[in-house]
Amino acid sequence: MAAPTVLLLALVASVSGTSVDGAARPRSDRSHRPLLLAEVTDPHSTPGYLCVVGSVNMDVIVEVDRLPRRDETVASRATEGVKYVPGGKGANQAVAAARLSQGTPTGVRFVCQFGSDVHASILEDALVSCGVDISASGRVDCQSGQGYVFLEPDGAASSVVVAGANAAWPNHLTPELCSLVRGASAVLLQREIPEHVNEAVAAEAVAAGVPIFQDIGGEDRPLSDAQIRRATFLMPNQSELERLTSMTIESQEGAIAAAASLQRRGARNVLVTLGAHGALLLDEAGTVTHQSASVIPGGAVVDATGAGDAFRAAFAVAMAEARPVNDALRFAASSGAIAVSRMGAVPSLPHRQECEQLCLQTQSATRISATLGGSMDQSTAHLGVRGGQRVSLRTTLAVQHAGEPHQSDGVHGLRGGDAQTSRNQCPLEFASRLNSMKDGWKPESGLTNDVLGWVAAQGRVDGLSLVDFNYPQHLAGVNLNKVGNSPRPFHMHTGPDKHAGLTAST
C-alpha cells in the first residue's frame with residue numbers, strides 16, 4: 001500500500017461505566033437502540049469492568065523460513081521443536097485489557113469455553129495469573145481450541161485455527177452471562193466463536209446501553225446488518241475489510257471508501273488497522289482520524305500474532321477511561337507495536353506502564369516544538385496539519401482551527417507554497433519527504449549534499465510548503481535552529497503562526 005495521506009480530527013469520547021459493585025447505571029433513555037458515539041462516554045462515571053466474550057486457544061508456533069506451496073513440504077527452522085503458548089482472540093484481548101488496566105479500578109471478565117484436555121488447565125492458570133476473571137466461563141467435553149501459527153523470519157504470522165471447545169457454546173445465553181453483559185462498561189467481541197453467541201451478547205448489550213467493540217477477525221463468514229448496526233465500533237484489519245465489503249483496498253482512500261460502505265449498511269464507527277500504515281477511524285459524522293504506526297521497540301517485528309488484539313483491547317481500555325479518541329488511538333498503536341516486538345500471543349501482550357512509556361517516547365521523538373517553535377504530533381506529521389485541526393472527508397474539506405470551522409472550496413481550493421491568490425481557501429499544506437530530495441540530489445544543483453541542501457532543493461519546488469523528516473535519522477547532528485528558523489531562503493512557506501514548515505515522523 002502506498003504511504004497514506006494523514007487526516008486528523010480531535011474527537012473526544014469515552015465509555016460509560018458502572019458502579020464499582022458492578023451494578024449497571026440507569027440507561028433508560030438509550031435502551032433497545034444502539035449507542036451513538038456522542039453517548040458512548042461519561043467522563044464522570046466510575047469505571048466498572050470490561051466484558052470480553054470469545055475464544056481461547058493453545059497456540060502451536062511453528063517457525064518456518066517461508067510458507068509451503070501447494071503440495072510442498074517445508075522444514076521448520078526451529079530444530080528444537082514447536083512452542084506452545086496461550087492464545088485465541090478472546091483470550092488475547094482479555095489479557096491485554098487486564099494488563100493495560102493495571103493500577104486502575106477497571107477489571108476484566110472473560111467468558112469462554114474451555115475443553116476437557118490437558119491444555120484447558122494450562123489456559124485457565126495462564127488467564128488467572130494475568131488478572132483475568134474467568135468465573136463465568138464454561139467447560140465442555142472436547143478438546144480445547146488450538147491455533148497453528150506459521151511464523152516467518154520477518155515476523156509475519158499465518159494461522160490455522162481448530163475451534164474445538166470454542167464451537168461448543170450452548171444455544172442460549174445463561175442468566176449469568178446476560179447479567180455480566182448488562183453490567184459491563186463495554187463488551188469486546190471477536191469472530192472465533194459461533195455467530196449466534198455474538199449476536200445474542202450484542203443484543204443484550206444494546207438493550208442495556210453498553211458499548212460494543214466488535215472485532216471482525218476470526219472465521220470468514222457473513223456479518224449480518226443487524227450486528228453491524230449493534231456495534232458501537234466495527235474493527236477490521238485491511239484484509240478483513242476487503243473480505244467484508246468485497247472491495248480491493250490499495251490506498252488509505254480505498255480503506256475509507258470501504259469503511260463508508262459499511263456505514264451505508266448501518267455501521268456508525270469503523271476502526272481499520274492497516275499494519276505498518278497505522279490505523280484510521282471513520283466516525284458516524286463522516287470524519288476520519290488517522291493514527292500513524294508506533295515505533296517498534298527494538299526496531300524489528302518478531303511475531304505479529306496478537307498485535308491486532310493488543311491494539312483493539314488498548315483502544316477499548318482507553319475509551320473506558322474517558323480518554324480523547326486521539327489519545328486512545330496512540331495508546332492502541334503503542335500496544336500493538338510492543339506486541340509485535342515479542343514472541344507469542346499472550347506472552348507478547350504489553351503492560352500499562354510499557355505502553356505509557358512508549359507513548360511518551362513517541363511524542364518526544366515527534367514533537368520538536370521546543371526547538372522549532374511549532375507543535376508537531378505523530379498523527380499529523382505527514383501532512384503538516386497541526387495539532388487539533390479536524391478534517392472531514394466530504395465533497396468539500398472541513399478543517400477546524402481552535403474550535404472555529406472553516407470551509408474550503410473543495411479540490412479547487414487546494415494550494416501550496418506561497419500562492420497568495422488562494423491563501424484563504426484551504427489551510428492544508430503540501431509536503432514532500434526529505435528522502436525524495438536526498439535521493440535526487442545532483443552536483444550541478446550547487447547545493448550541499450546534506451540536510452540543509454536537501455531542504456533548499458525542496459524549497460525550489462513550486463507549491464511545496466513542508467519538509468517531512470525522518471526522526472532521528474535526518475536530524476542527527478543537525479542544528480535544528482538553523483533549519484527551523486530559515487524557511488524564507490528555502491522558499492518554504494511560514495504559516496499564520498509564524499512557525500517553520502517542518503514536520504518530523506518516525
Side-chain angles (χ1 to χ4, degrees), residues 1-4 52 54-55 57 59 87-93 96 147 149-152 154-161 188-192 198 212-223 227-228 231-263 265 267 269-283 288-294 296 301 303-316 328-341 345 348-349:
M1 180 185 295
V52 183
S55 61
N57 296 326
D59 283 351
K89 293 186 70 64
N92 293 344
Q93 292 183 19
V149 181
F150 300 96
L151 181 63
E152 298 180 74
D154 64 355
S158 302
S159 303
V160 176
V161 174
L188 282 68
L189 300 172
Q190 317 80 39
R191 309 193 74 210
E192 290 183 340
N198 281 342
I212 302 165
F213 294 77
Q214 174 70 70
D215 185 351
I216 303 303
E219 293 183 21
D220 181 3
R221 64 195 184 203
L223 184 66
Q227 188 71 353
I228 287 176
T232 313
F233 290 91
L234 280 181
M235 303 187 295
N237 64 20
Q238 179 180 335
S239 63
E240 292 157 0
L241 183 60
E242 289 182 328
R243 193 170 68 198
L244 194 60
T245 62
S246 300
M247 297 173 66
T248 300
I249 300 171
E250 298 179 343
S251 66
Q252 181 181 346
E253 290 73 20
I256 294 169
S261 74
L262 291 178
Q263 289 187 328
R265 292 176 59 186
N269 306 289
V270 184
L271 175 56
V272 186
T273 51
L274 300 170
H277 299 283
L280 64 86
L281 171 65
L282 175 62
D283 79 358
V288 175
T289 305
H290 180 273
Q291 170 62 48
S292 301
S294 181
I296 299 173
V301 175
D303 182 359
T305 308
D309 297 324
F311 180 100
R312 293 172 180 87
F315 181 75
L329 288 170
R330 186 180 296 112
F331 188 64
S334 295
S335 180
I338 293 170
V340 302
S341 72
S348 74
L349 299 172

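In this text the structure is predicted, and so the values were computed from the model without any measurement. These numbers come from the heavy atoms of this one structure, side chains and all, not from hydrogens, waters or symmetry mates.
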Under 4.5 Å between any side-chain heavy atoms of V272 and L274, yes or no? yes

With a 4.5 Å limit on heavy-atom distance, are the side chains of L281 and N269 in contact? yes

With S348, which residues qualify under side-chain contact (heavy atoms from CB on, under 4.5 Å), at least two apart? A339, R342

Steps toward side chain to side chain contact (heavy atoms under 4.5 Å, CB included) verdict (Q214, Q227): CA-CA 9 Å; Q214 174 70 70; Q227 188 71 353; 3.0 Å; yes

For the residue pair L234 and F213, establish whether any side-chain heavy-atom pair is separated by less than 4.5 Å. no

Taken in chain and number order and not counting sequence neighbours, the residues that satisfy salt bridge (Lys or Arg N to Asp or Glu O under 4.0 Å) with D220 are R243

Output for pair (L262 CG, L241 CG), nearest 0.5 Å, gives 6.0 Å

Do D303 and V340 come close enough that some side-chain heavy atom pair is under 4.5 Å? no

Verify side chain to side chain contact (heavy atoms under 4.5 Å, CB included) between M247 and E242, making sure each step is shown before the conclusion. CA-CA 5 Å; M247 297 173 66; E242 289 182 328; 5.9 Å; no

Which heavy atom in K89 sits nearest to a heavy atom in D309, and how many Å separate them? NZ-OD1, 2.7 Å

Working to the nearest 0.5 angstrom, can you tell me the gap between M235 CE and L188 CG? 6.0 Å

For L329 and Q291 the tightest heavy-atom approach is O-CG, 3.6 Å

Please tell me if the side chains of V270 and F233 come closer than 4.5 Å, counting only heavy atoms from C-beta onward. no

Evaluate the criterion side chain to side chain contact (heavy atoms under 4.5 Å, CB included) for residue pair I216 and Q190; output intermediate values, then yes/no. CA-CA 6 Å; I216 303 303; Q190 317 80 39; over 6 Å; no

For S261 and Q263: C-alpha separation, side-chain torsions, deciding distance, then whether side chain to side chain contact (heavy atoms under 4.5 Å, CB included) applies. CA-CA 5 Å; S261 74; Q263 289 187 328; over 6 Å; no

Looking at D215 and R191, is any side-chain nitrogen of the basic one under 4.0 Å from a carboxylate oxygen of the acidic one? no

